[in-house]
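I have placed the structure first, in the form of structure tokens, so that the comments after it can refer back to it.
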Amino acid sequence: KALPGNVLPTSKTPQGQEAGGAIAAGNNSPKIINNPKPSYPALARQRGQEGLVLLIVQVDEKGQPGPIEIKASSGYPMLDQAALKGIQKWKFQPARLAGLPMAGSVLVPVEFKLQD
């Protein structure tokens, strides 16, 4: 039987945190817009695995994610891969310079936390 669990935005609010859980790399960084949280792998829940994955997402001028790098692992490859896979489907508001959309990067924390 799988344990209940959810993927939660990080409960920490580091300086520069933007709406949607993204941490801005600068004033004109991309922003997250209404995206589904990555799925919590059932096997990871069964094993009681929890953790925070920090991802650096390159976002193009259309708001599409490009390359995604794991800045900090959760310690569980299954959770890291679930975070990567989920974020690849996200849409972003692109960074802007002088009002024009441009490519940029954003740090996205994804926390996998079991709830009792």
Side-chain angles (χ1 to χ4, degrees):
K1 180 178 173 185
L3 298 172
N6 288 316
V7 179
L8 303 172
T10 181
S11 58
K12 300 171 188 164
T13 53
Q15 187 173 11
Q17 178 125 0
E18 296 288 342
I23 302 170
N27 290 337
N28 296 321
S29 295
K31 294 180 180 53
I32 295 174
I33 52 175
N34 220 8
N35 290 294
K37 295 179 174 122
S39 297
Y40 204 135
L43 186 57
R45 283 187 290 182
Q46 290 172 354
R47 292 179 178 174
Q49 296 175 348
E50 297 181 312
L52 177 67
V53 184
L54 293 177
L55 302 171
I56 298 174
V57 182
Q58 303 297 320
V59 178
D60 71 17
E61 64 280 349
K62 294 179 183 177
Q64 301 294 319
I68 302 171
E69 174 189 339
I70 297 175
K71 180 172 175 68
S73 171
S74 66
Y76 298 103
M78 197 178 320
L79 296 182
D80 296 347
Q81 290 303 310
L84 281 168
K85 185 177 177 183
I87 301 305
Q88 289 172 343
K89 300 174 186 174
W90 281 18
K91 304 283 186 220
F92 295 83
Q93 180 181 15
R96 295 203 171 267
L97 182 62
L100 298 173
M102 60 178 272
S105 64
V106 65
L107 181 64
V108 179
V110 178
E111 185 173 16
F112 293 91
K113 184 165 178 63
L114 296 170
Q115 294 182 334
D116 298 58

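Heavy-atom basis, side chains included; hydrogens, waters and symmetry copies ignored. For clarity, every value in this text was computed on a predicted model and none was experimentally measured.
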Are any non-hydrogen side-chain atoms of [X] and [Y] less than 4.5 angstrom apart?
X	Y	result
Ile70	Leu84	yes
Ile87	Val57	yes
Tyr40	Leu79	yes
Val106	Ile32	no
Leu52	Ser74	no

Looking only at non-hydrogen atoms, find the nearest pair between Phe112 and Ser39 and report the distance.
-> CE2-O, 3.6 Å
Give, for atom NZ of Lys89 and atom CG of Asn35, the distance between the pair rounded to the nearest 0.5 Å.
-> 11.5 Å
The reported gap from CG in Leu54 to CD in Glu69 (rounded to nearest 0.5 angstrom) is 11.0 Å
Spell out, as yes or no, whether a donor-acceptor pair under 3.5 Å connects the side chain of [X] to the backbone of [Y].
X	Y	answer
Ser73	Gly75	yes
Asp80	Met78	no
Glu50	Leu114	yes
Trp90	Pro36	yes

Sequence neighbours left out, what passes side chain to side chain contact (heavy atoms under 4.5 Å, CB included) with Gln58? Give chain and number order.
->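 Applying side chain to side chain contact (heavy atoms under 4.5 Å, CB included) to Gln58 gives Ile56, Pro67, Ser105.
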Using atom types as modelled, flag every donor-acceptor pair under 3.5 Å from a side chain in residues 91-104 to any protein atom, sequence neighbours excluded.
| from | atom 1 | to | atom 2 | distance (Å) |
| --- | --- | --- | --- | --- |
| Lys91 | NZ | Gln64 | OE1 | 3.3 |
| Arg96 | NH1 | Gly99 | O | 2.9 |

